[in-house]
Amino acid sequence: MIKKIIILGTGGNCIDILDTINDINDTLKTKKYECIGFLDDNKNVWGKEFGGIKVLGPLESAIEYPASYFINGIGSSNNYTKKEFIISKTGLHLERFENIIHPTASVSKMVQIGYGNVIFQNVTITSNVKIGNHVIILPNSVISHDDIVGDYTCITGGVCISGGVIIGKSCYLGTNCAIKEYVKIGEYSLIGMGSVVLNDIPKNSVIVGNPARVIMINKK
């Protein structure tokens with residue numbers, strides 16, 4: 001049975017999710033997914049098409065599609081702390097969110113993974129990793145053994161996370177950053193691109209540099 005998918009958002013990650021869905025279908029003898037639309041709160045895009053797929057309306061209209069599954073593509077360094085709230089606007093139960101995993105990703109059979117996650121091209125996730133819900137992992141990132149990744153976190157391209165790291169919920173890990181083994185990253189923290197994290201980071205932090213240092217504490 002083909003699963004109907006609706007993507008939340010219309011930004012770059014959302015189009016990449018559509019590409020990933022197409023790549024999954026192309027590797028299978030029987031089509032697994034059909035993307036039937038996007039949802040976006042920006043009225044200016046309602047009715048427009050992205051990649052040949054129409055924007056159906058706002059996020060709150062998700063309840064009008066009871067036979068569909070959903071995946072979120074909304075989230076950036078500007079709004080990563082609000083991702084939980086954004087998704088909650090759909091009013092959907094967690095089980096209505098699909099995991100989308102690119103065929104080129106290497107994911108250990110010993111990985112525990114929640115709902116609504118996106119894993120893009122050439123991502124490597126090794127043994128005993130725990131991934132929460134609504135996590136997005138961009139291409140070429142490596143998540144090593146025994147890591148824990150909290151809900152709503154975004155791991156961007158080329159990130160390297162050593163073993164035993166704990167990442168709190170709603171964090172944003174910038175491009176090509178690296179995290180030393182057994183480090184703990186507090187919730188709602190942002191790690192700047194190229195940063196090298198050697199020590200534990202308190203929640204709500206913005207950190208940059210090599211070695212990384214806290215430059216700001218955000219008010220959530």
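In this structure, M193 CE and T175 OG1 are separated by 4.5 Å, a value rounded to the nearest 0.5 Å. Between the SG atom of C177 and the CG atom of L190 there is a distance of 9.0 Å, given to the nearest 0.5 Å. Rounding to the nearest 0.5 Å gives a distance of 8.5 Å between CD1 of I15 and CG of D19. Atom CD1 of I87 and atom CG of N72 lie 4.0 Å apart (nearest 0.5 Å). The distance from atom OG1 of T104 to atom CG of D23, rounded to the nearest 0.5 Å, is 8.0 Å. Distance OG/S162 to NZ/K180: 9.5 Å, rounded to 0.5 Å.
Remark: K31 pairs with I2, N25, E34 by the side-chain contact (heavy atoms from CB on, under 4.5 Å) rule, at least two apart or across chains. Under the rule for a salt bridge (charged side-chain N to carboxylate O under 4.0 Å, His left out), the partners of K3 that lie at least two apart in sequence or sit in another chain are E98. Listed by chain and residue number, D41 satisfy the salt bridge (charged side-chain N to carboxylate O under 4.0 Å, His left out) test with K89 (two or more places apart in sequence, or in another chain). Not counting sequence neighbours, the partners of T153 by the side-chain contact (heavy atoms from CB on, under 4.5 Å) test are V149, I155, I167, C171, L173.
For residues 110-138, the pairs satisfying side chain to side chain donor-acceptor pair (under 3.5 Å) are N99-N117, with sequence neighbours left out.
Under the 4.5 Å side-chain criterion, counting only non-hydrogen atoms from C-beta, I63 is not in contact with T90. Looking at heavy atoms from C-beta onward, I7 lies in side-chain contact with C35 at the 4.5 angstrom threshold. Residues E84 and K169 meet the side-chain proximity criterion, which asks for heavy atoms closer than 4.5 Å. When side chains are defined from C-beta on, D146 does not count as touching V129, because their heavy atoms never get closer than 4.5 Å. The side-chain heavy atoms of V135 and D151, taken from C-beta on, include no pair separated by under 4.5 Å. Two residues are said to be in side-chain contact when any heavy atoms from C-beta on lie closer than 4.5 Å; L56 and F38 fail this criterion. For the pair N13/I136, a side-chain contact is recorded, criterion being any heavy-atom separation below 4.5 Å from C-beta on.
Here the side chain of S205 pairs no donor or acceptor atom with the backbone of I217 at under 3.5 angstrom. Looking at D147, its side chain does come within 3.5 Å of a backbone N or O of V165 through a donor-acceptor pair. Of the possible polar contacts, one joining the R96 side chain to the S68 backbone as a donor-acceptor pair under 3.5 Å is found. Without hydrogens or angle criteria, W46 side chain to L39 main chain gives no donor-acceptor distance under 3.5 Å. Put simply, the side chain of S195 never gets that close to the backbone of V197: no donor and acceptor are under 3.5 Å apart.
The shortest non-hydrogen separation linking S170 to Y80 is O-CD1, 3.2 Å. In plain terms, the two heavy atoms of G9 and I74 that are nearest each other are CA-CG1, 3.6 Å. Closest non-hydrogen pair, G174 versus T156, comes out as C-OG1, 2.8 Å. For V159 against S141, the heavy-atom pair with the smallest separation is N-OG, 3.1 Å. F70 approaches L8 most closely through the heavy-atom pair CD2-CD2, 4.0 Å.
Transitive grouping of hydrophobic side chains (ILVMFWY, heavy atoms separated by less than 4.5 Å) brings I24 and I5 into a common cluster. Under the 4.5 Å side-chain contact rule for hydrophobic residues, I6 and V55 do not share a cluster. Cluster annotation: V111 and I119 are assigned to the same hydrophobic cluster (Ile/Leu/Val/Met/Phe/Trp/Tyr, side-chain heavy-atom contacts under 4.5 Å, transitive). In this structure, I21 is a member of the same hydrophobic cluster as L138, with clusters built from ILVMFWY side-chain heavy atoms closer than 4.5 Å. By the criterion of side-chain heavy atoms lying less than 4.5 angstrom apart, applied directly or through intervening Ile, Leu, Val, Met, Phe, Trp or Tyr residues, I161 is not grouped with V118; the two fall into different hydrophobic clusters.
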The test is side chain to side chain contact (heavy atoms under 4.5 Å, CB included); show your working for N42 and T10 and say whether it passes. CA-CA 9 Å; N42 180 3; T10 55; over 6 Å; no
Please assess V107 against I101 for the test side chain to side chain contact (heavy atoms under 4.5 Å, CB included), listing each intermediate value before the final yes or no. CA-CA 9 Å; V107 180; I101 301 174; 4.3 Å; yes
Please assess I100 against F120 for the test side chain to side chain contact (heavy atoms under 4.5 Å, CB included), listing each intermediate value before the final yes or no. CA-CA 8 Å; I100 302 294; F120 281 119; over 6 Å; no
Evaluation steps, side chain to side chain contact (heavy atoms under 4.5 Å, CB included), between V123 and N140: CA-CA 5 Å; V123 168; N140 302 312; over 6 Å; no
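Shown here is Y69, whose OH atom has no more than 12 heavy atoms of other residues, nucleotides or ligands within 6.0 Å. Residue E60 places its CD atom among 12 or fewer non-hydrogen atoms of other residues, nucleotides or ligands, all under 6.0 Å distant.
When only modelled atom types and interatomic distance are considered, N79 and S76 share a side-chain donor-acceptor pair under 3.5 Å.
Through side-chain heavy atoms spaced under 4.5 Å, either directly or across other Ile, Leu, Val, Met, Phe, Trp or Tyr residues, I148 is tied to I166.
Exactly one of I185, V196, V208, V206 qualifies for a side-chain contact (heavy atoms from CB on, under 4.5 Å) with I191. That residue is I185.
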